[in-house]
Amino acid sequence: MAGDLFLGIDVGTYESKGVVVNVAGDIVAQAATPHTLDVPRPGWAEHDADAVWWHDVCVLCRRLNALVPGGLERVSAVGLSALGADMLPIGEDGRPLRKAILYGIDTRTEPQISRLNERLGADTILKRCGNALSTQAVGPKILWFRENEPDLFERTFKVHTASSYLAYRMTGQHVIDYYTATAFTPLFDIHALTWSQDFAKGIIDVDRLPELRWPAEVIGGVTREAAQQTGLRAGTPVIAGTCDAAAEAVSVGVTEPGDLMVMYGSTFFFILVTAELTISADLWSAVFCFPRTFVLAGGMATSGALTRWFRDNFARELVQAESPTGRSAYQALADEAATVPPGSRGLLVLPYFSGERTPIQDPRARGIVAGLTLSHGRGELFRAILEGTAYGVRHHLDAFMKAGAGVRRLVAVGGGTKNPLWVQIVSDVTGMRQEVPLVTVGAAYGDAFLAALGTGVVKSLVELRTRWLKQPRLIEPDPERRAIYDRLYACYRELYPTTRRIVYELVALADEGSPL
């Protein structure tokens with residue numbers, strides 16, 4: 001018999017998490033499982049939707065079923081979120097036709113973006129859709145699929161993203177939430193909140209896109225097949241769900257105008273709640289999780305993924321020592337970096353190791369380490385990477401200000417907040433105080449809240465702020481470090497445009513298969 005428990009599951013780029021929460025917001029059980037990212041070619045990023053996304057949901061459900069007294073039969077409603085937005089074509093049998101092409105970290109669509117801008121007009125697209133075309137946009141990914149894999153395209157019944165595919169596997173319904181649909185530029189009209197058939201011409205018929213719903217809207221019940229695979233009770237209500245970043249923002253109470261979420265994940269992601277629709281060529285505009293709410297959003301291409309790359313390539317002995325010592329390699333690297341003064345002894349990192357999303361939106365941007373000498377070691381390099389991503393955060397704060405959107409409160413979330421050095425560096429570089437929730441379960445917690453809200457058990461967002469959330473810890477900027485970081489930030493902003501021509505030539509050489 002169902003009780004007042006709510007299941008939230010979030011599938012991320014490298015890891016999936018699940019949580020069961022009661023009506024008061026208390027965590028009853030939680031679990032996590034890692035997975036890999038497929039990079040078949042430089043600039044490409046893919047996931048197998050069944051072997052990664054749905055597999056993780058089933059694994060987490062089985063683990064949580066064993067942890068919750070009485071099992072998942074007690075769950076009243078389910079909320080699912082995932083990385084995105086992505087491009088996943090499925091056939092009439094409901095199964096994927098290829099691996100999913102992931103969000104903006106997959107940069108293969110530059111030619112399609114150029115042609116769509118020429119055909120539709122970049123200014124017209126921005127005005128209608130609220131977003132300029134970039135590698136984050138799903139429309140060019142669909143066009144790439146149509147042009148490069150026409151036989152599979154002809155067999156496509158629906159195009160999904162990660163969260164909408166999980167909702168389909170759970171309920172059999174083809175739906176997508178408004179927030180995620182905003183990233184389907186140029187297919188979504190942000191003013192009318194509908195698919196745009198005229199802009200979709202030559203890309204895809206809008207009948208092949210899922211129906212639009214609000215994230216907390218109940219779309220159906222768990223099917224018998226899904227119940228058998230997950231341990232959930234057949235018929236359990238499932239909400240539409242949303243993108244991981246939006247669910248993460250909800251999970252920490254970023255719901256009022258002026259609230260900014262900075263998510264320290266595989267990529268930095270930013271969501272600033274605004275009182276009205278605000279359109280900026282440097283950022284992404286979207287409706288939020290609730291009617292008559294809007295956000296300005298942004299995302300870097302690498303942050304946590306960059307620290308992972310550094311760990312795996314330059315700290316292998318620290319990874320090997322994790323099991324016998326119980327000390328994570330990340331912590332060991334952070335300890336080394338903490339002995340280095342601000343400014344990393346004259347090192348500056350441009351963290352565009354997978355191109356860059358906002359604000360520059362350049363898939364051909366590349367990472368740079370400037371100022372290297374023989375006196376620099378691993379600690380200096382790791383600290384410079386943390387500082388480089390912090391300059392990226394400050395760049396986004398400048399972009400929000402340029403768009404006329406004020407930041408009243410900054411809430412830091414995500415796995416990277418477990419690194420106190422990184423969080424302190426971001427405050428020092430930006431000059432802003434950060435609120436770090438004492439318990440950061442992540443997007444899965446937001447999913448559980450949206451499920452409780454959508455089924456009416458929780459009545460309003462007031463309950464989120466007054467009952468579910470706890471007092472955060474505060475990270476204050478150190479004013480004595482401001483001068484050095486101001487100087488380095490100015491260099492950071494100059495480094496990309498100054499080196500762009502050279503970097504583009506290197507990218508061309510790499511694309512041509514040069515031994516360079």
Side-chain angles (χ1 to χ4, degrees), residues 84-92 97 100-101 103-104 106 108-161 163-165 168 173-214 240 242-243 276-288 291-292 294-297 358 361 363:
D86 319 292
M87 197 288 295
L88 176 71
I90 68 170
E92 286 194 65
L97 295 170
I101 299 175
Y103 56 99
D106 186 298
R108 75 183 72 182
T109 58
E110 193 172 0
Q112 288 74 27
I113 290 170
S114 179
R115 291 200 301 275
L116 286 172
N117 277 329
E118 183 177 349
R119 177 163 66 87
L120 300 174
D123 291 341
T124 304
I125 292 171
L126 180 63
K127 183 177 179 180
R128 168 85 70 88
C129 305
N131 296 287
L133 284 177
S134 70
T135 58
Q136 185 76 359
V138 175
K141 297 179 192 296
I142 297 174
L143 184 57
W144 180 93
F145 175 53
R146 178 174 185 162
E147 293 174 346
N148 289 274
E149 298 173 357
D151 292 342
L152 292 179
F153 180 83
E154 288 301 318
R155 294 166 50 196
T156 299
F157 176 65
K158 295 286 183 182
V159 170
H160 276 280
T161 188
S163 58
S164 69
Y165 182 68
Y168 164 70
Q173 302 299 311
H174 297 285
V175 302
I176 189 172
D177 71 290
Y178 286 103
Y179 173 87
T180 308
T182 309
F184 273 60
T185 309
L187 307 176
F188 182 76
D189 186 327
I190 198 170
H191 304 279
L193 300 184
T194 60
W195 298 120
S196 297
Q197 181 64 63
D198 55 338
F199 274 21
K201 185 177 180 181
I203 303 174
I204 193 170
D205 193 291
V206 296
D207 289 341
R208 296 199 209 182
L209 301 175
E211 295 182 13
L212 295 159
R213 296 286 187 271
W214 292 104
T242 187
C243 233
E276 58 188 17
L277 177 62
T278 304
I279 295 177
S280 165
D282 298 327
L283 299 161
W284 304 315
S285 302
V287 291
F288 195 31
R292 298 175 297 281
F294 304 92
V295 298
L296 269 179
T358 56
Q361 307 202 66

Can you sort out the partners of A297 under side chain to side chain contact (heavy atoms under 4.5 Å, CB included), two or more places apart, ordered by chain and number?
-> Y179, F269, I271, W284
How far apart are the closest heavy atoms of I142 and M87, and which atoms are they?
-> CG1-CG, 3.5 Å
Using atom types as modelled and distance alone, determine if a side-chain donor or acceptor of R146 lies under 3.5 Å from a backbone N or O of G202.
-> yes
Rounded to the nearest 0.5 Å, how far does CG of D86 lie from NE2 of H160?
-> 12.5 Å
For G84 and T161, work out which heavy atoms get closest and say how close.
-> CA-OG1, 4.4 Å
Do L209 and V159 touch side chain to side chain, with heavy atoms closer than 4.5 Å?
-> yes
So, T278 side chain and E276 main chain: donor-acceptor pair closer than 3.5 Å or not?
-> yes
What do the steps show when you test I101 against T109 for side-chain contact (heavy atoms from CB on, under 4.5 Å), and what is the final call?
-> CA-CA 10 Å; I101 299 175; T109 58; 5.9 Å; no
Hey, are the side chains of H191 and L277 touching, using non-hydrogen atoms and a 4.5 Å cut-off?
-> yes
Pairwise distance CG(L133) to CZ(R115) - rounded to 0.5 angstrom = 12.0 Å
Pairwise side-chain contact, P89 with L152, heavy-atom cut-off 4.5 Å (strictly under) = no
Run the numbers on L187 and V206 for side-chain contact (heavy atoms from CB on, under 4.5 Å), then give the verdict.
-> CA-CA 8 Å; L187 307 176; V206 296; 5.8 Å; no
In short, F199 meets T124 closest at the heavy-atom pair CZ-CG2, 3.7 Å
K141 side chain to T135 main-chain N or O, any donor-acceptor pair under 3.5 Å?
-> yes
Looking at residues at least two apart in the chain, or sitting in another chain, which of them share a side chain to side chain contact (heavy atoms under 4.5 Å, CB included) with T194?
-> D189, A192
Considering the options L126, D123, I125, which one meets the side chain to side chain contact (heavy atoms under 4.5 Å, CB included) requirement together with N117?
-> I125
Quick one: do L116 and I203 satisfy side-chain contact (heavy atoms from CB on, under 4.5 Å)? Show the steps, please.
-> CA-CA 10 Å; L116 286 172; I203 303 174; 3.8 Å; yes
Is there a donor-acceptor contact under 3.5 Å from the side chain of D205 to the main chain of R208?
-> no
Do K127 and I279 come close enough that some side-chain heavy atom pair is under 4.5 Å?
-> no
Residues in salt bridge (Lys or Arg N to Asp or Glu O under 4.0 Å) with R213, at least two apart?
-> E211, E217
Excluding sequence neighbours, so at least two apart, what forms ring-ring contact (aromatic ring centres under 6.0 Å, His included) with F153?
-> F145
Rounding to 0.5 Å, atoms CG (L97) and CD (E92) come to a distance of 10.5 Å
Looking only at heavy atoms, what is the nearest atom pair of I190 and C129, with distance?
-> CB-O, 3.5 Å
Which pair of heavy atoms, one from A181 and one from L212, lies closest together, and at what distance?
-> CB-CD2, 3.5 Å
Could you state the interatomic distance from OG1 (T185) to CD (Q136), rounded to the nearest 0.5 Å?
-> 9.5 Å
What distance separates S134 OG from L283 CG, expressed to the nearest 0.5 Å?
-> 11.0 Å
Please examine the side chains of T156 and I90, heavy atoms only from C-beta on, and report whether any two atoms are closer than 4.5 Å.
-> no
Taking S285 for the side chain and G130 for the main chain, is one N or O donor matched with an acceptor at less than 3.5 Å?
-> yes
Before giving the answer on side-chain contact (heavy atoms from CB on, under 4.5 Å), spell out for Y103 and C243 the whole-Å C-alpha distance, their side-chain angles and the decisive distance to 0.1 Å.
-> CA-CA 11 Å; Y103 56 99; C243 233; over 6 Å; no
OG1 on T242 to CH2 on W214, rounded to 0.5 Å | 10.5 Å
Would you find a donor on one side and an acceptor on the other, under 3.5 Å apart, between the side chain of S114 and the backbone of E110?
-> no
K158 (side chain) donor-acceptor with D207 (main chain) under 3.5 angstrom | yes
Residues forming a ring-ring contact (aromatic ring centres under 6.0 Å, His included) with F188, sequence neighbours excluded | W195
For D198, side chain to side chain contact (heavy atoms under 4.5 Å, CB included) partners two or more places apart = R128, S196
